[in-house]
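Shown next, in structure tokens, is the structure this report addresses.
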Amino acid sequence: MKTIDLTSSTVRDLNQALHEQALECTEREWAVTNPKGQHNLAVGLDQKLAVDIHGHAGYFCAGMNKKAHIVVHGNAGQGLAENMMSGTVRVKGDASQAAGATAQGGLLVIEGNAGARCGISMKGVDIVVKGSVGHMSCFMGQSGSLVVCGDAGEALGDSLYEVHIYVKGEVKSLGADCIEKDMRAEHIEELSGLLNRAGVDEDPAAFRRYGSARQLYTFKVDNASAY
Amino acid sequence: MCGIVGLYLKNPALESQLGELFAPMLIAMTDRGPDSAGFAIYGDEVDAGWTKLTLRHPDADFDWEALATAVKTLLNVNISWFQNANVAVFKVAADETRLRTWLEAQAPEVLILSVGQSIEILKEVGLPEQIVDTFNLAGMKGSHIIGHTRMATESAVTMEGSHPFSTGMDLCLVHNGSLSNHNRLRDVLKREGIAFQTENDSEVAAGYLAWRLRNGDSLKQALENALKDLDGFFTFTIGTRDGFAVMRDPIACKPAVLAETDDYVAMASEYQALTTLPGIENARVWEPEPATFYIWERGSH
């Protein structure tokens, strides 16, 4: 295992060392110490690495991740795992706003709470939050799934496309065109799979499912004259 | 952009280190606000019947001693004073109105940065590190302090436009964000007798709180009303004689982090600014909720 101490190395040194592993992988396991809330940690990885960040991370941690398995042993600032493509990002504490924004694949697990706009414009990522999510979560979410074991804030799933949303606790309010839907056998199965992958012990039957009413984004011939 | 930071001591044993603990917090927010910086520090209270003023003159060689002597002889009151860089702190045995009236008539070029029993406001154009050195922040003592590093958006980069803003006794405010209804609100507040020194949107927020408090609101009520009447983006940190408060708007796009231990409560725009505090590794660290305010106050006077 290789350890990079951010009191003596810069974030640029860290990211460069991790990027070099994409060309030729010489070390699979990495530890980052003393992150002290710095921004852009472990961004743009493209290799099957295991990266453990010991402490709190700043903005955009693990952004654009491909293949790597990144664990933050602390809290993460805004834009965690934004535009992630694949791999896994896990935060042991809380994440600030816009976690998983626009992410296209992979698995994001937040063991604490996520702030506002979790999964905004998500495009295929699976997000599992053990705590609660803030307002406007999943805004304009296109595909993928969001699992919330706690509560969801105002305007959940506003202007939603095809993300599957599962919430165990209370939903403060649903956004435009987001509705509660039946929990059928295939959804229990999907949710069980997500909880298993995230390592979260919850009963899938205790969740409710939300999705798009498909009244907002689909073309309607009645509205043709408006164009 | 802008950075805001605040530190409220729960443990009085740390009061002699307040400036030393706070200086790195302010400097850590340089990336968010390199235009100007300032802070409001609370401590060294004057007795009842006395007033403490922070005064500034555009001329760095201004003769403060002559002004202090004039206050003493012409107003016939007791005074003690000291100079810190190009500002002076006057402690005078007279009330605010009397002092303001006299200063406006006798020394109109002197700018009053703060008035109260505890507050001192020090702010200047330049990098936070320069402001910290200029005023020897690391050597200062007190019970609580709030600061700001500015990246200007709504008005010019001047000393007057830098934060904190104070428009009431011992009250000050720092702001990250921008208000959209500040012009109309400023007109309303002017009619209510609140005076403004700049075109800055954040000064309107400070004036609004001063107006609510003057009309009998508690700090909690004033903040509840502010959430209704202020339109725009904001994270505020507000200093009062007894404590400080943090409030975010309902949209909550401006960042804020709070940390609490047995010794202190600290606030910053980013966690990076908190990393030098003792015991931060084991502090409770969380993001304040949207449309919510948090108040810490010591026993009232």
Side-chain angles (χ1 to χ4, degrees), chain A residues 5-7 10-11 33-41 53-61 72-80 91-99 101 110 112-118 120 129 131-137 139 150-155 158 172-173 175, chain B residues 1-5 7 21 24-34 149 151 176-177 227 233-235 246-261 266-292 294:
Chain A
D5 183 346
L6 289 177
T7 48
T10 65
V11 172
T33 55
N34 295 305
K36 299 197 171 177
Q38 291 194 80
H39 303 322
N40 312 321
L41 300 175
I53 298 170
H54 296 281
H56 300 311
Y59 297 175
F60 308 121
C61 179
V72 179
H73 299 264
N75 300 331
Q78 53 184 264
L80 168 75
V91 174
K92 297 281 188 181
D94 297 336
S96 183
Q97 65 169 319
I110 296 159
N113 300 313
R117 306 175 190 90
C118 179
I120 183 171
V129 181
S132 299
V133 297
H135 65 261
M136 295 298 277
S137 285
F139 176 55
D151 303 329
E154 289 172 341
D158 193 283
K172 199 159 186 192
S173 66
Chain B
M1 207 174 186
C2 301
I4 56 183
V5 276
L7 181 62
L21 293 169
M25 294 174 66
L26 194 69
I27 292 169
M29 289 292 93
T30 301
D31 288 353
R32 296 189 67 90
T149 63
M151 190 180 284
N176 175 203
L227 274 173
F233 300 128
F234 53 84
T235 295
V246 173
M247 182 167 78
R248 292 177 87 195
D249 71 82
I251 295 164
C253 63
K254 294 299 174 187
V257 177
L258 286 164
E260 185 166 14
T261 70
M267 181 275 165
S269 295
E270 296 178 20
Y271 177 76
Q272 291 186 81
L274 305 176
T275 56
T276 49
L277 288 170
I280 190 69
E281 303 78 16
N282 301 314
R284 178 179 165 240
V285 176
W286 78 102
E287 181 174 304
E289 296 280 327
T292 304
Y294 301 79

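Residue numbers begin at 1 in each chain, while the letters A, B, ... track the order of the sequences.
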Do you know which two heavy atoms are closest between B/Ile251 and A/His135, and how far apart they sit? O-NE2, 3.2 Å

Rounded to the nearest 0.5 angstrom, the NE2-CD distance for A/His39 and B/Gln272 is 4.5 Å

Separation between CD (A/Gln38) and CD (B/Glu270), nearest 0.5 Å, reads 11.0 Å

With a 4.5 angstrom heavy-atom cut-off, could you sort out which part of A/Gln78 is near chain B: side chain, backbone, both or neither? side chain

Quick one, B/Val285 and A/His56 - any side-chain contact, counting heavy atoms below 4.5 Å? yes

